[in-house]
Structures are given as structure tokens and as C-alpha cells.
Number of protein chains: 2
Amino acid sequence: MKIRDKHLTRKRLIASVGSLLAKKGFKGIGVNAVAREAGVDKVLIYRYFGGLSGLIAAYGREGDFWPSALELAGGDLRAFAESSLSERLSAMGKNFIRALRQRPVTCEIMVWEMSERNELTEELEAVRESSMVEFFNMFLAGPLEKKNEVPDSQILSADDLQAIVMLMGAAISYLVLRSRSIALYGGLDLSSDSGWQRIEQAMAKMIEAMTRG
Amino acid sequence: MKIRDKHLTRKRLIASVGSLLAKKGFKGIGVNAVAREAGVDKVLIYRYFGGLSGLIAAYGREGDFWPSALELAGGDLRAFAESSLSERLSAMGKNFIRALRQRPVTCEIMVWEMSERNELTEELEAVRESSMVEFFNMFLAGPLEKKNEVPDSQILSADDLQAIVMLMGAAISYLVLRSRSIALYGGLDLSSDSGWQRIEQAMAKMIEAMTRG
DNA sequence: GATTTTTGTCACCAGTCGGTGATATTGTGT
DNA sequence: ACACAATATCACCGACTGGTGACAAAAATC
């Protein structure tokens, strides 16, 4: 007989998923744990969300745990669209690194999606995928063809470009996820900002070499 | 009063860790589950290995769950050392992809190491790290300087080369790990061999563009 | 042959898990 | 004032977890 407010209780439960993910990781997510964290009886999870998967889905829909296309573009879509391909790729890499590094909960979810596939992770993945598609539509189908003053698309086909962007994203994802538990990865410093700057520089060099063709 | 053979029992327990990792993933690893899988009482885990972490350490020491430098070089160290830098990088990428894709247990362990850091994963990680250092010593410090007929090292410093190799490894690791639960990643087909060939081609193009400078 | 050490089985502990049915309390409409 | 629905609490279930102490049987030692 505490609050008697369904909306507030729902919000508390959803928020508890996030704070529990941040504190204990995805291993700490469970009906009992979430209810305990929210200071609420666990039976309300079943009543209001139909179970833990429903609660997770609600959490996935609420939060901004995935960077938007705008954020990956650096905050200014116009300036982004008008820059050269190599500049765009480099900027995207840097922004993606920053976006991931400051979203520990997102990293936790990414690892979760890698470690088990169930109703819970599938709900979260749907949100992520739609964001990714949105960004690639903007980035690949959009300014690539409009900026015909850059002739480097002769060397990199649209297919190759897509693969390269995905490879960059994959590498960044892996390194950021690893940086949560190890400081050094094959000689790369994943713990300090200067270490990440070195990674960004190496990526910029790669990109420049490729686009210069 | 079954077998009365300490060595065999130890082997059974160690093997059960592997088969359980393959069947249920790292979430299925536990004292009860491993003992049940081995058809042995769980108290023997404590007696023979001092606990689950000791058993995991023993498992890590036994298996060849991590590709050797020889395997990453393609089986012929001499031929590998005599090829050009871009050829070596491409070959290493391909071999690493193949090595990871045919080692599901290794993938499981990699995800495990990403998702929690404890005595169990630290034991496994030590084995992995030493293998990586071995390979990089062979690959970077070794043939890079001896093959001075290739002039592209003027553009790529040893530092950059190391970062690039690690970025490639990170990208491959991420994509292979993702391929266990999703078939498409941002348009890349991770489920078929032809999809992986396309990824290898994109990597080869990147490498060639970079080393050609 | 008797004793001790090794090897393995079993029963039990307290704690957590996901899940459910019964019940108490509050707010609302009549 | 009364009935009724919405909201939240509680007690319990069976199953599983990591961990331990008591004990039985086989093997090695004396």
C-alpha cells in the first residue's frame, strides 16, 4: 500500500532495468532482482508487462541507448553532407567511438545480444537494427551520390564502401566492448583518451589511403 | 564405486567443460552442470581442482582452442615470410576468419571474457594473450624488417601497422561473434561462405589500397 | 591380514530463481 | 453508504545454485 500509481510503478520498473544493467550487467537481470531494485513486488512485472520480456521491450523503446544518425554525423547533418567522403568516414568513426564509450548500458546490451538469443535480446536488437538502417540510408544512399565532385567512388564501389563502413563499425564495437574489461589489446591502449586518439588516427590514415586510391 | 581412476575422472571433468561450452554456452557452466555432464559427483571438482576456477584453468591449458601463429600464417611460415606485406595481411585476415569460424567454443569463450571478468575468464584470457603476443612478434618484428624490398613501410609506420592489424582482428572477431546469432549485419551476409568471401575481398581491397600508398 | 589413504557417493544446507494464487488496501462510480 | 474494480502485498511452490560434512568402497601400505 505504498504509491498506488500504476504509471509511476511502471516507470520505476523500467528505470530499474537500466540501473540494474549499469550496476550488475545483464547477468543481474531477473524478475526478482528487477522488482527488488524498484522496491516493488515482482508480480507487477507479470501484470503490467506480461513478464520480463515485455518489461525489457518497454525499456528498449524508452531509452536513447543507441546513437542517432544525427549524433553519428556529428550534430550537423548539413555540414556532414557537404564534407568529403574521407572526412565523413573519419568523423563517423570518431563519433561512433565517442557515442559507444559514453553509453555503458548500450555496451552491456551489445554483449548481452552476443551471448544469448532469446525474447529479451531480440526486442532490444530490433531497436538497434532500425537505427542502423536509418543511418546507412542517410549516409550511403544519400550524400554519396549527390556529392559527385568527389571522384573516389570510382575506386570504391557502393558495395565495398558498405562493407568497409561495417568493418569499421565492427572493429570499433569490438574494441570498445573489450575496453570494459582489459586495458591493453595487442598493444593498443584502450583505457586512455590518448590511446583512442591513436586508434582514430590509424583509422583516418586507412581511410585517406583508400579514398585517395 | 564406478571407475576408481583419478586421471580418467579428471579428464572427464575437463572434457565436460568443453562439451558444455559447446552445447549450452558459458551460461551453462556451473559446478552442478559440469559434474552432471561428466557423470561424476561435483565434490570431485573441489577435491581435484580446488573449485570451478581451477577446473576452467585446467581446461584452458589443455585445449587448442586458440589458433597458433602457424595456423594464422597459413601453415607455411617460410612462404608466409617471403610474401609481400599486403599478401601477408590479406592471408592473415582470411586465416583468422577461418580459424575463428571453425572454433565455436573459442567464440563462446571470447563472449564470456567480454561479459564478465572473474577468476574463470582471467585464466582463459592469459592463454589467449600469450598466443597473440607470439604471433605479433613473428609477424611484426620478424619479416617486416627483413623484407626490405617492399618499400611501403615508408607510408605505414610500424605503429600504424600494428594498429591496423589489430583493427582487422577486432573487426573479424566482432563479425564472427555476431554471426552466431544474426545472419545479416548492416547488409553483410554473415551466414554463408560467399558472404564471408565478400568481406575478405573488401578487406583485401583496403589492404591493397593502403600498402600501395 | 589389518590399517590407512585414496576415490567416489550421498544427503543436506541456505540461498536464489521464475512463477502463481489468495488477500488486503485504495480509489471510483452509483 | 455500498459495490466493484484497480492496485499492491504476501506467502508459497518446485527447481536449481554453490558448497560441505558424513560415509562407503576400493586400493595401497604396513
Side-chain angles (χ1 to χ4, degrees), chain A residues 1-17 19-21 23-60 108 112 115-124, chain B residues 1-17 19-21 23-60 108 112 115-124:
Chain A
M1 27 312 221
K2 284 280 179 59
I3 33 179
R4 260 341 151 158
D5 186 338
K6 184 175 178 180
H7 279 294
L8 180 58
T9 304
R10 280 179 61 104
K11 279 214 158 197
R12 280 194 187 178
L13 281 170
I14 291 176
S16 294
V17 173
S19 57
L20 215 54
L21 272 176
K23 270 195 286 186
K24 307 278 184 182
F26 68 89
K27 287 211 134 191
I29 298 293
V31 193
N32 295 288
V34 171
R36 207 180 308 126
E37 172 82 11
V40 148
D41 199 277
K42 64 177 172 180
V43 82
L44 301 180
I45 294 177
Y46 296 97
R47 276 225 262 278
Y48 292 158
F49 300 95
L52 189 58
S53 51
L55 174 55
I56 301 289
Y59 170 76
E108 195 62 39
W112 193 5
S115 65
E116 52 179 343
R117 184 146 194 84
N118 51 31
E119 330 127 296
L120 308 183
T121 57
E122 280 172 13
E123 300 282 3
L124 293 167
Chain B
M1 12 329 212
K2 284 280 180 58
I3 33 182
R4 266 331 152 156
D5 186 338
K6 184 176 176 179
H7 279 295
L8 180 58
T9 305
R10 282 180 57 105
K11 279 215 161 198
R12 281 193 186 178
L13 282 169
I14 291 175
S16 295
V17 173
S19 57
L20 214 53
L21 272 176
K23 269 194 287 185
K24 306 279 184 179
F26 68 90
K27 285 212 135 193
I29 298 293
V31 193
N32 295 287
V34 172
R36 194 163 38 232
E37 172 81 11
V40 148
D41 199 277
K42 62 178 173 179
V43 81
L44 302 180
I45 294 177
Y46 296 96
R47 276 226 261 275
Y48 292 159
F49 300 95
L52 189 58
S53 51
L55 174 56
I56 301 288
Y59 170 76
E108 196 60 41
W112 194 5
S115 66
E116 53 179 341
R117 184 147 194 83
N118 51 31
E119 328 125 294
L120 309 181
T121 57
E122 280 173 13
E123 301 281 2
L124 293 167

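What you see is a predicted model, and the numbers here were worked out from it, not measured in a lab. Quick note on labels: first sequence line is chain A, next is B, and so on, each numbered from 1.
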- Is any side-chain N or O of A/Thr9 closer than 4.0 Å to OP1 or OP2 of D/dA8? yes
- Query: Rounded to the nearest Å, what distance is computed from the NZ atom of residue B/Lys27 to the C1' atom of nucleotide D/dC16?
  - Reply: 14 Å
- Task: Grab the CG-P distance between B/Asp5 and D/dA27 for me, whole Å please.
- Result: 11 Å
Are there any protein N/O atoms within less than 3.5 Å of an N/O atom in nucleotides 17-20 of chain C, and if so, which ones and at what distance?
unit_1: C/dC17; atom_1: OP2; unit_2: A/Arg36; atom_2: NH2; d: 2.7
unit_1: C/dG18; atom_1: OP1; unit_2: A/Val31; atom_2: N; d: 3.3
unit_1: C/dG18; atom_1: OP2; unit_2: A/Val31; atom_2: N; d: 3.0
unit_1: C/dG18; atom_1: OP2; unit_2: A/Asn32; atom_2: N; d: 3.1
unit_1: C/dG18; atom_1: OP2; unit_2: A/Asn32; atom_2: ND2; d: 2.8
unit_1: C/dG18; atom_1: N7; unit_2: A/Asn32; atom_2: ND2; d: 3.2
unit_1: C/dG18; atom_1: N7; unit_2: A/Lys42; atom_2: NZ; d: 3.3
unit_1: C/dG19; atom_1: OP2; unit_2: A/Tyr46; atom_2: OH; d: 2.8
unit_1: C/dG19; atom_1: O5'; unit_2: A/Tyr46; atom_2: OH; d: 3.3
unit_1: C/dG19; atom_1: N7; unit_2: A/Lys42; atom_2: NZ; d: 2.8
unit_1: C/dG19; atom_1: O6; unit_2: A/Lys42; atom_2: NZ; d: 2.4

- Between A/Trp112 and A/Glu116, do the side chains contain an N or O donor and an N or O acceptor separated by less than 3.5 Å? yes
- Task: Hey, could you give me each pair passing ring-ring contact (aromatic ring centres under 6.0 Å, His included) that has a residue in residues 39-58 of chain A? Not counting sequence neighbours.
- Result: none
- In terms of heavy-atom contacts, B/Ser16 and B/Val34 come closest through CB-O, 3.8 Å
- Query: To the nearest angstrom, how far is B/Arg47 atom CZ from C/dT6 atom C1'?
  - Reply: 9 Å
- Over how many whole Å does the gap from B/Arg4 atom CZ to C/dT5 atom P extend? 16 Å
- Any side-chain N or O of B/Tyr48 under 4.0 Å from OP1/OP2 of C/dT6? no
- Rounded to the nearest 0.5 Å, the CG atom of A/Leu21 sits from the CD1 atom of A/Ile56 at a distance of 6.5 Å
- Item | Atom pair distance, as rounded to whole Å: CG in B/Leu44 and C1' in C/dG8 | 6 Å
- Whole-Å distance separating the NZ atom of B/Lys24 from the P atom of D/dT17: 11 Å
- Could you state the atom-to-atom distance from NZ of B/Lys6 to P of C/dT6 in whole Å? 8 Å
- Query: Hey, does A/Leu55 have a side-chain heavy atom less than 4.5 Å from the side chain of A/Val31?
  - Reply: no
- Query: Taking NE2 from B/His7 and C1' from C/dG8, how many angstroms apart are they, rounded to a whole number?
  - Reply: 16 Å
- Item | Plane angle bin for A/Phe26 and B/Phe26 - parallel if under 30°, tilted between 30 and 60°, otherwise perpendicular | perpendicular
